[in-house]
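Have a look at the structure below before the remarks.
In what follows, every heavy atom counts, from backbone to side chain, and hydrogens, waters and symmetry copies are set aside.
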Amino acid sequence: PPPPPPPPFFLHPHAANRDAQESRGLEMCIRDSSQVPRFTHTFVIYEDTNLPEKYQNKLFGVEPLQGRVVYSDVAGEGSTFKTEDLGFPLKTTDTWFRPVDIQVGPDGAIYVADLYEQRIDHASHYQGRVDNTNGRIYRIRSKQGWQPSAFNVNGWSNQELFDLFKSNIRIHRQIAIRLLKNRTLSNTETQHLHELLNSENEIVALNALWAHQVTGHFNLELASTALMSPHDSVRSWSIRLAADHIDLSDAYKTVLVRSIAAEPSVHVRSQLAATARRVDPELFAQMIQALLYHGEDAGDKHVPLMIWWAIEANANQYEALKFILGDASVWNQEITQDFIIERLAKRYAMSGKRDELDMLSWLFKSAPDDDSKSLLLKGFEESFEGRSLASLPEPLLNGIREAGGGSPILRVRLGQPEATTKALADIANTKGEVAVRAGLINVLGQIKNQDAVPVSYTHLRAHETPEHRGLRG
């Protein structure tokens, strides 16, 4: 079928050699995203109204390897996002076209920086082997009704910059925040900024929060108030700004931890998990314990692993972890069962350090049920596969035995006589599963169990082929 018509864009090159650029026939077309592989390097979300409506609130990304610009739908997916490719508004047959950056200008047009190189070669570029006379910039703008416009805020008052918070154009809001960073606010202006933080418009409230930060008016009192904002983004950013830039008071920590249980937004809970990694051990423990009770996040793509990331970073804060897992009900939470217990056992077992093995012993002792103990055993066994158990502390060995000893292979490795006897019988049973018997033979060989030799030899003789006999002879 014929290709679809091009979108209503006008492409205007700004290049050192404009005639040469235009002669290479840069063109635009839209194709179904399933026809072409994707590898986007950087992108913008187009929020302006300059381009036709079908392109508004879409993702525009550059693909230097494929030499094109792609645009996509963006939709929420739990704490993260997903995209669906819609086409390629900027594409060319010129194989030197290498778009490496993309930005929305204050005029509402999209600007694309073209490195213009034969190939993407990071090693050569890093060493300076790049032709800096070839680069060019392209502008993507609406074909109809285009009126170049300037955006000059020179001399604007603080109040006029505040008014930009409600602009639909992201760069206008960003310019306002950047300029306010170097401004001094009067008491009246500071009070007005407080009022904007309570705006029903989420974009206005969020930019008011950022303005508080850049002008030096963000403090723990404000951060505590922001935790009650109806806007997810305001709550998330207030948590991040407070934890990253202010010494947290006990009063704020109390309010923060109390807010977690009732926090309705998965995006805010994701930020809480990220923040928990960077705070002091006591606050980390309180935040993580509260987050583990949000079972609705167990199926999220990021939050459970963000929680694990925080725990792993604090793995040596043993008292903090004992606080988290000191409550038996925490062990039974879905996130704890699916993402934490097995990983934590593996983390400590792989280390081999005495203090971490002692912490693993504590976990076995504290596990409240068979399911939790089985997860600990699974993590331990996977981490110690092929490794000697000789140096393990006796409390840990006792904990493993009391937890059931793990798989038949682990029980053999632990030297349990009844497990070894059963393993020899299973090897001799020709009707048993081949993979299970092979695993038992392997582990008996690793621990150099002499009783396994005649059993294995008898098994081999029973299944010997004429070819094997020839080799033996």
Side-chain angles (χ1 to χ4, degrees), residues 9-16 42-53 55-57 60 101-113 135-219 221-223 225-226 229 231 233-234 236-238 240-242 244-246:
F9 285 165
F10 173 81
L11 185 66
H12 181 76
H14 295 264
T42 187
F43 61 86
V44 294
I45 305 295
Y46 186 78
E47 297 179 337
D48 208 314
T49 57
N50 181 277
L51 299 184
E53 185 176 355
Y55 301 107
Q56 293 168 18
N57 298 310
F60 284 75
D101 199 6
I102 186 167
Q103 298 291 336
V104 180
D107 57 359
I110 294 177
Y111 290 85
V112 179
R136 59 212 61 199
I137 297 174
Y138 291 93
R139 181 175 67 198
I140 302 176
R141 50 92 161 169
S142 181
K143 187 175 182 180
Q144 286 94 19
W146 166 255
Q147 291 293 331
S149 59
F151 183 69
N152 186 356
V153 295
N154 185 38
W156 280 31
S157 68
N158 291 340
Q159 181 58 58
E160 288 174 310
L161 294 178
F162 292 166
D163 290 340
L164 286 177
F165 292 171
K166 59 179 178 287
S167 172
N168 290 326
I169 302 174
R170 180 192 296 261
I171 196 171
H172 290 181
R173 305 192 301 267
Q174 292 174 333
I175 289 173
I177 296 296
R178 189 167 66 247
L179 292 177
L180 285 168
K181 180 177 176 60
N182 299 315
R183 300 285 184 92
T184 300
L185 304 185
S186 67
N187 291 337
T188 301
E189 290 167 340
T190 302
Q191 181 58 39
H192 183 49
L193 199 57
H194 291 341
E195 295 170 0
L196 292 177
L197 185 59
N198 297 317
S199 172
E200 294 181 358
N201 184 316
E202 184 168 9
I203 291 178
V204 171
L206 179 59
N207 279 271
L209 179 70
W210 288 337
H212 277 91
Q213 168 66 12
V214 300
T215 58
H217 291 85
F218 181 77
N219 53 42
E221 181 181 356
L222 192 76
T225 301
S229 170
H231 307 305
S233 61
V234 173
S236 292
W237 272 98
S238 72
R240 177 174 178 177
L241 292 174
D244 287 0
H245 299 286
I246 303 177

Within the distance-only criterion (no hydrogens, no angle test), does the side chain of [X] pair as donor or acceptor with the backbone N or O of [Y] below 3.5 angstrom?
{"X": "N158", "Y": "T184", "result": "yes"}
{"X": "H212", "Y": "A208", "result": "yes"}
{"X": "Y46", "Y": "L51", "result": "yes"}

Which heavy atom of [X] sits nearest a heavy atom of [Y], and at what distance?
{"X": "I102", "Y": "V44", "answer": "O-CG1, 3.4 Å"}
{"X": "F218", "Y": "A242", "answer": "CE2-N, 3.6 Å"}
{"X": "S233", "Y": "E202", "answer": "OG-OE2, 2.8 Å"}
{"X": "H172", "Y": "P106", "answer": "NE2-O, 3.2 Å"}
{"X": "N207", "Y": "I177", "answer": "O-CD1, 3.4 Å"}
{"X": "L180", "Y": "F165", "answer": "CD1-CZ, 3.7 Å"}

_Using 30° and 60° as the class boundaries, would you call the ring planes of F60 and Y55 parallel, tilted or perpendicular?_
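Tilted.
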Would you give the length of the straight line joining atom [atom1] of [X] to atom [atom2] of [Y], rounded to the nearest 0.5 angstrom?
{"X": "F151", "Y": "I171", "atom1": "CZ", "atom2": "CD1", "value": "8.5 Å"}
{"X": "Y111", "Y": "D101", "atom1": "OH", "atom2": "CG", "value": "14.0 Å"}
{"X": "L193", "Y": "N198", "atom1": "CG", "atom2": "CG", "value": "10.5 Å"}
{"X": "N219", "Y": "Q213", "atom1": "CG", "atom2": "CD", "value": "10.5 Å"}
{"X": "Q174", "Y": "L179", "atom1": "CD", "atom2": "CG", "value": "12.0 Å"}
{"X": "I169", "Y": "L164", "atom1": "CD1", "atom2": "CG", "value": "9.5 Å"}

_For D244, all residues meeting side chain to side chain donor-acceptor pair (under 3.5 Å), sequence neighbours excluded_ =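 If we apply the side chain to side chain donor-acceptor pair (under 3.5 Å) test to D244, skipping adjacent residues, the hits are R278.
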*Among all residues two or more places apart in sequence or in another chain, which pass the side chain to side chain donor-acceptor pair (under 3.5 Å) test with E221?*
none
Would you check if [X] and [Y] make a side-chain contact, meaning some heavy-atom pair closer than 4.5 Å?
{"X": "L209", "Y": "L241", "result": "yes"}
{"X": "I140", "Y": "V112", "result": "yes"}
{"X": "I175", "Y": "W156", "result": "no"}

*Non-neighbouring partners of A226 that pass side-chain contact (heavy atoms from CB on, under 4.5 Å), sequence neighbours left out*: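 side-chain contact (heavy atoms from CB on, under 4.5 Å) check on A226 returns V234, S238.
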*Taking atom CD of Q147 as the centre, report whether more than 12 heavy atoms of other residues, nucleotides or ligands fall under 6.0 Å from it.*
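Count not over threshold, so no.
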*For side chain to side chain contact (heavy atoms under 4.5 Å, CB included), just list the numbers for H231 and L206, CA-CA rounded to whole Å, side-chain angles, deciding distance to a tenth of an Å, and then say yes or no.*
CA-CA 8 Å; H231 307 305; L206 179 59; over 6 Å; no
*asked:* Can you pull out every salt bridge (charged side-chain N to carboxylate O under 4.0 Å, His left out) where at least one residue sits in residues 180-194? Sequence neighbours excluded, please.
replied: none
*Would you mind listing every salt bridge (charged side-chain N to carboxylate O under 4.0 Å, His left out) that reaches into residues 165-179, with sequence neighbours excluded?*
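Listed once each, the pairs are E47-R170, E47-R173, D163-K166.
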*What pairs with H217 under ring pair (Phe, Tyr, Trp, His ring centres under 6.0 Å), at least two apart in sequence or on another chain?*
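Once residues adjacent in sequence are excluded, H217 has no partner under the ring pair (Phe, Tyr, Trp, His ring centres under 6.0 Å) criterion.
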